[in-house]
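The residues of the chain are indexed from 1 along the displayed sequence. For the numbers below, each heavy atom of this structure counts, side chains included, while hydrogens, waters and symmetry mates do not.
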Amino acid sequence: MHKSINGASLRKMFVGGVALLDQNKKLVDALNVFPVPDGDTGTNMFLTLKSAVTEVNNCIGNEISDLCEAFSKGALRGARGNSGVITSQIVKGLCSVLSTSKELNTKAFAKAINEGCKIAYKAVTVPKEGTILTVIRIMSECAGDIAKKTSDIEEFLKQVIDKGEDILQQTPEMLPVLKKAGVVDAGGRGLIVVFTGFLRALLGEDFDFVFDDSKPVQTADDVIADISNLADIEFGYCTEYMIINMNKKTTEADIDKLRERLMKIGDSVLCLGDLNLVKVHVHTNTPNVALGYALELGELYNLKIENMREQNRELKKKAQNQQSQEIKENGMISVAPGKGIADLMRDLTIDNIIEGGQTMNPSANDIAQAADKVPAKNVFVFPNNKNIILASEQANDLTSKNLIVIPTKSVPEGISAALAFNPEASVEDNTAAMTEAISVVKSASVTYAVRATHVDGFDLSVGEIIGLDDKSILSKGTSIGDTTKDLISKLKTDITASITLFYGEDVKPVEADLLQQELAEKYPDIEVTAIYGGQPVYYYIISLE
């Protein structure tokens with residue numbers, strides 16, 4: 001329980017809020033409603049606050065005033081897009097109160113949230129309800145009453161977040177475009193993520209926490225209908241810049257005049273700052289005029305102009321391509337540890353490849369996103385590594401697709417499973433055929449020892465070459481080729497018909513070809529093939545069938 005916090009805890013809160021947003025920025029991006037002329041909300045908010053945390057990290061001590069000044073200054077300098085600029089203004093209000101508070105308690109935080117709301121609303125020329133502004137407003141309105149009832153900052157934040165979540169879920173009723181897309185407001189979700197990060201930091205919890213904003217999948221027809229009318233974009237250029245090194249004659253009144261002039265040539269106007277720095281965002285058909293106005297006040301910095309109409313055309317093309325992809329019953333995705341293996345899997349008609357493997361395991365979210373891109377109702381997943389099977393199973397909770405995880409523990413098993421796939425067969429029949437296919441494959445690999453040890457009856461030294469199957473080390477040596485041949489001699493049986501060597505990035509093609517020839521001469525009744533795998537760490541991944 002915290003009745004008040006010090007500078008060290010406030011620093012942790014700032015870092016925690018940004019860390020949790022980093023974990024969830026892609027989810028927030030996914031809530032964007034077509035068209036998306038200003039980029040991705042989650043990414044913009046994260047980059048804004050990442051800049052703020054960078055400034056905080058440059059603070060040597062934990063003086064609250066210094067931390068607040070750094071967080072606010074960094075947010076303004078890093079602000080990107082509407083969502084980032086509004087977020088920077090919420091931060092500015094929060095920090096302006098916290099930096100001068102004698103004690104950081106619930107009352108101080110309530111006052112800070114209220115100030116953040118006020119400054120954010122002032123920054124937007126025409127505030128729109130059903131957005132991040134609505135979420136911060138409701139949180140601020142409730143914060144004062146909650147602070148009167150509890151002095152526990154953790155409980156205070158929890159209740160404020162709950163109020164924010166409640167109104168966030170109502171945003172689709174406020175904005176028809178959200179309701180049509182079946183999503184809550186992206187900026188509002190991002191704000192809740194940040195505040196939740198504050199709370200988790202105080203509680204000492206980790207930041208590996210993913211929010212769940214399941215949304216129905218839009219059809220290509222829905223998307224095209226939303227973006228086909230380019231005339232809906234009255235002002236075509238999203239223009240952003242900063243003004244620095246103000247002219248000696250520039251005054252605060254000139255900044256207000258700039259805002260008024262920008263409103264006459266566009267919309268979505270944000271113009272905020274002081275004589276040290278002014279941040280501008282405007283949608284206009286004459287970005288040259290917007291830049292000319294700025295040059296009357298000072299120097300331009302961090303200039304960005306984007307053609308929103310062209311962005312919409314690209315979205316339309318993407319949607320049309322999506323429409324042309326017929327939704328099929330069954331598809332496949334596979335983890336591949338190297339470029340050569342990935343190319344082979346594509347040749348086997350696997351729909352999507354996830355880069356990864358030993359030492360670089362993909363997350364459940366990576367697997368879910370790969371599945372989402374497959375135009376199929378049912379998606380078979382080949383983890384190809386025992387350490388990725390659990391993440392593959394957890395991915396089912398992160399996608400609308402029906403994932404069927406075939407527990408392949410190696411690349412050879414994944415290839416055999418793909419070869420057993422029948423696009424016309426049912427999920428049950430394919431699962432049975434794939435499971436049977438991987439049961440008859442023997443997999444092995446050749447790598448090196450990373451430390452001196454005694455295991456499986458071998459005394460190993462650092463860097464020594466080792467050969468192993470999926471259970472234990474079977475051979476060792478100082479030569480990659482000799483160790484591989486020894487390993488294969490222990491694994492082959494009288495019924496072995498083929499041996500495939502997938503050679504890694506550290507093996508030269510001429511070396512792999514020589515080993516293939518030697519094995520072919522030694523085992524004339526077995527088909528021996530060497531294929532470029534490109535995997536790191538493992539010199540060879542071997543399949544015996």
**Asked** How far does CD1 of Ile161 sit from CG of Asp166, to the nearest 0.5 angstrom?
**Response** 12.0 Å
**Item:** Heavy-atom neighbours of Glu69 CD exceed 12 at 6.0 Å
**Value:** no
**Partner of Thr87 by side-chain contact (heavy atoms from CB on, under 4.5 Å), out of Leu191, Leu21, Ile136, Ile132** = Ile132
**Prompt:** Roughly how far apart are Leu157 CG and His2 NE2, rounded to 0.5 Å?
**Reply:** 11.0 Å
**Message:** A quick test of your reading: do over 12 heavy atoms of other residues, nucleotides or ligands sit less than 6.0 Å from NZ of Lys163?
**Reply:** no
**Prompt:** side chain to side chain donor-acceptor pair (under 3.5 Å) between Asp185 and Thr131: does it pass, once the steps are laid out?
**Reply:** CA-CA 6 Å; Asp185 177 66; Thr131 66; 5.3 Å; no
**Asked** Does the side chain of Glu115 come under 3.5 Å of the side chain of Ser96 through a donor N or O and an acceptor N or O?
**Response** no
**Message:** Between Lys401 (side chain only) and Val374 (backbone N and O only), is there a donor and an acceptor less than 3.5 Å apart?
**Reply:** yes
**Request:** Please name the pair of heavy atoms, one in Thr251 and one in Leu275, separated by the smallest distance, quoted to 0.1 Å.
**Result:** C-CD2, 3.7 Å
**Asked** Got a donor-acceptor contact below 3.5 angstrom from the Thr171 side chain to the Leu168 backbone?
**Response** yes
**Prompt:** Mind checking whether Asn302 and Tyr241 have side chains closer than 4.5 Å, heavy atoms only?
**Reply:** no
**Prompt:** Looking just at side-chain N and O atoms, do Ser4 and Asn105 make a donor-acceptor pair shorter than 3.5 Å?
**Reply:** no
**Message:** Closer than 3.5 angstrom, by distance alone: can the side chain of Ser392 be matched with the main-chain N or O of Pro383 as a donor-acceptor pair?
**Reply:** no
**Message:** Would the distance check show the side chain of Asp29 and the main-chain N or O of Gly42 forming a donor-acceptor pair, the cut-off being under 3.5 Å?
**Reply:** yes
**Request:** For the residue pair Asn57 and Thr54, confirm or rule out a side-chain donor-acceptor distance under 3.5 Å.
**Result:** no
**Prompt:** Should His283 and Met308 count as side-chain neighbours, where that means a heavy-atom distance under 4.5 Å?
**Reply:** yes
**Item:** pair Ile305-Leu303: side-chain heavy atoms closer than 4.5 Å
**Value:** yes
**Asked** What's the spacing between Ile354 CD1 and Asp366 CG if we round to 0.5 Å?
**Response** 7.5 Å
**Asked** Do you know the tightest heavy-atom contact between Thr250 and Leu297?
**Response** OG1-O, 2.8 Å
**Prompt:** Relative to the ring of Phe198, is the ring of Phe14 parallel (under 30°), tilted (30 to 60°) or perpendicular (over 60°)?
**Reply:** perpendicular
**Request:** Output yes when a side-chain donor or acceptor of Asp274 lies under 3.5 Å from a complementary backbone atom of Leu277, and no otherwise.
**Result:** yes
**Prompt:** Any donor-acceptor pair under 3.5 Å linking the side chain of Thr284 with the backbone of Ile265?
**Reply:** yes
**Request:** Measure the spacing between CD of Glu63 and CG of Leu10 and express it to the nearest 0.5 Å.
**Result:** 12.0 Å
**Asked** Can any side-chain N or O of Arg11 pair as donor or acceptor with the backbone N or O of Ile64 at less than 3.5 Å?
**Response** no
**Request:** Walk me through it: do Glu129 and Thr134 pass the test side chain to side chain donor-acceptor pair (under 3.5 Å)?
**Result:** CA-CA 5 Å; Glu129 295 303 324; Thr134 302; 2.5 Å; yes
**Prompt:** Taking the side chain from His281 and the backbone from Val85, do they hold a donor-acceptor pair closer than 3.5 Å?
**Reply:** no
**Request:** Verify, without hydrogens or angle tests, whether Asp22 (side chain) and Val18 (backbone) share a donor-acceptor contact under 3.5 angstrom.
**Result:** no
**Asked** Should the heavy atoms of other residues, nucleotides or ligands under 6.0 Å from OH of Tyr121 be counted, would the total exceed 12?
**Response** yes
**Fill in**
dist Ser72:OG -> Ile90:CD1 (nearest 0.5 Å) comes out at 12.0 Å
**Request:** Look up atom OG1 in Thr286 and atom CZ in Phe235, then write down how far apart they are to the nearest 0.5 Å.
**Result:** 8.5 Å
**Request:** Take atom CD of Glu141 as the centre, draw a 6.0 Å sphere, and report whether it contains more than 12 heavy atoms from other residues, nucleotides or ligands.
**Result:** yes
**Message:** Under a 4.0 Å threshold between the charged nitrogen and the carboxylate oxygen, would Asp343 count as salt-bridged to Arg346?
**Reply:** yes
**Item:** Worked verdict on Leu202 versus Lys12 for side chain to side chain contact (heavy atoms under 4.5 Å, CB included)
**Value:** CA-CA 7 Å; Leu202 276 183; Lys12 290 179 182 178; over 6 Å; no
**Item:** Asn307 side-chain N/O to Tyr237 backbone N/O, donor-acceptor pair under 3.5 Å
**Value:** no
**Message:** Does either side chain, that of Asn6 or that of Ser9, offer a donor lying less than 3.5 Å from an acceptor on the other one?
**Reply:** yes
**Message:** Between Glu165 and Arg189 (salt bridge meaning N to carboxylate O under 4.0 Å), is one present in this structure?
**Reply:** yes
